[in-house]
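Notes for the one structure printed next.
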Amino acid sequence: MAIYQGKKAIVVGGTHGMGLATVRRLVNGGAEVLLTGRNEENVAKVKEEFGPRVHAVRSDIADLNDIAVLGASAGQKLGAIDLLHVNAGISELEPFDQVSEASYDRQFAVNTKGAFFTVQRLAPLIREGGSIVFTSSVADEGGHPGMSVYSATKAALVSFASVLAAELLPRGIRVNTVSPGFVDTPTKGVPGLTAAERAEFKALGDAVTPMKRNGTADEVARAVLFLAFEATFTTGAKLAVDGGLGQKLATAG
């Protein structure tokens, strides 16, 4: 069913996992989509899957020059858009006393600085009544060992969303955030893990999540698109998609 017919969207970080699931739902619903990815091989795979139905662009969210080029390209290819989904992110899990300046800078460059300046550059393209959705994380609040820097970058996104929601109200643009928990994606959100480490991470998610399983990328995509197109009286909000993990639900048995 073409529920997004006539809609135009940009998905930053749309070549795999939750971003790709969002792209699939948009395209299957009839939307015109421009997606980005940093890895040329992943961009090529997406082009092969969707063909001319999407505009797949190699772009590094941590590079301000790439952001400027993306803005110009998006303006030419799409013109005004209805949705900007900022989904790109990286995590490097390490105890705080082992964090290097380089890993600190990498995570803030992508998750925080890149996200902010991407929105600053692309916001003029969003038409009145449009939407911005950030991807944060269940780690954006509370204390999670090994996630000091990552958690801080994701908490900053929630703050950005709150302020941008206020600043963009005059244009009728809603700004919201999804906050996923353990989600079954190719990298589990942590690039560089071995297959055994990914399996261990998945098992941990199954054990600690009140719903006793990892979420799917498609479940996050549905939440993104709910905020983008259906939650028309919602702005500045954070929607948990975490199986109850962030709510610390008690479980029986």
Side-chain angles (χ1 to χ4, degrees), residues 9 11-29 33 35-39 41-46 48-50 54 56 61 85-94 107 110-111 115 133-142 144-147 150-151 153-155 157-158 176-228 238-249 251 253:
V11 179
V12 179
T15 58
H16 65 280
M18 297 177 290
L20 180 56
T22 303
V23 170
R24 286 192 177 115
R25 281 197 165 263
L26 284 165
V27 172
N28 290 339
V33 180
L35 65 87
T36 76
R38 185 176 61 177
N39 183 293
E41 183 179 343
N42 289 339
V43 171
K45 288 179 180 177
V46 171
E48 183 177 353
E49 176 179 349
F50 293 104
V54 302
I61 194 174
H85 178 32
V86 182
N87 179 69
I90 61 169
S91 59
E92 300 184 25
L93 308 185
E94 48 198 358
Q107 291 177 84
V110 173
N111 300 352
V133 181
F134 289 100
T135 300
S136 183
S137 165
V138 70
D140 59 17
E141 59 182 55
H144 304 272
M147 294 187 175
Y150 176 72
S151 294
T153 65
K154 290 300 189 176
L157 283 183
V158 178
N176 294 292
T177 305
V178 290
S179 182
F182 285 87
V183 177
D184 197 10
T185 65
T187 66
K188 302 300 297 179
V190 188
L193 294 180
T194 65
E197 288 170 333
R198 284 195 299 273
E200 183 179 349
F201 204 58
K202 183 178 187 301
L204 173 63
D206 290 344
V208 302
T209 300
M211 291 181 70
K212 296 302 178 186
R213 66 175 178 85
N214 281 225
T216 68
D218 188 63
E219 286 175 313
V220 179
R222 280 184 279 165
V224 169
L225 296 176
F226 167 75
L227 289 173
K238 182 177 74 170
L239 175 59
V241 192
D242 62 4
L245 181 60
Q247 289 60 252
K248 301 177 176 61
L249 301 178
T251 57

Considering only heavy atoms from C-beta outward, does the side chain of [X] approach that of [Y] to under 4.5 Å?
X	Y	answer
Val11	Thr36	no
Val86	Ile61	yes
Leu245	Phe182	yes
Asn87	Val12	no

Checking [X] side chain against [Y] main chain: does a donor-acceptor pair fall under 3.5 Å?
X	Y	answer
Thr209	Asp206	no
Asn111	Ile90	yes
Asp218	Ala21	no
Gln107	Glu92	yes
Asp184	Gly215	no

Quiz item: Between Glu41 and Lys45, is there a side-chain N and carboxylate O pair less than 4.0 Å apart?
Solution: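 Yes.
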Quiz item: Do Asp140 and Lys238 meet the salt-bridge criterion of a basic N to acidic O distance under 4.0 Å?
Solution: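 Salt bridge: yes.
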If you round to the nearest 0.5 Å, how far is [atom2] of [Y] from [atom1] of [X]?
X	Y	atom1	atom2	result
Asn39	His16	CG	NE2	9.0 Å
Asp242	Ser179	CG	OG	6.5 Å
Arg25	Arg222	CZ	CZ	5.5 Å
Thr177	Lys154	OG1	NZ	10.0 Å
Leu26	Phe50	CG	CZ	9.5 Å
His85	Phe134	NE2	CZ	11.0 Å

So which heavy atom on [X] is nearest to which on [Y], and how close?
X	Y	value
Gly89	Val110	CA-CG1, 3.8 Å
Ser136	Pro180	O-CD, 3.4 Å
Ala217	Val183	N-CG1, 3.7 Å
Met147	Ala139	SD-CB, 3.7 Å
Val46	Leu35	CG1-CD2, 3.4 Å

Quiz prompt | Passing candidate, side chain to side chain contact (heavy atoms under 4.5 Å, CB included) with Thr22, options Val224, Val33, Val133 | solution =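 Output: one option passes, namely Val224.
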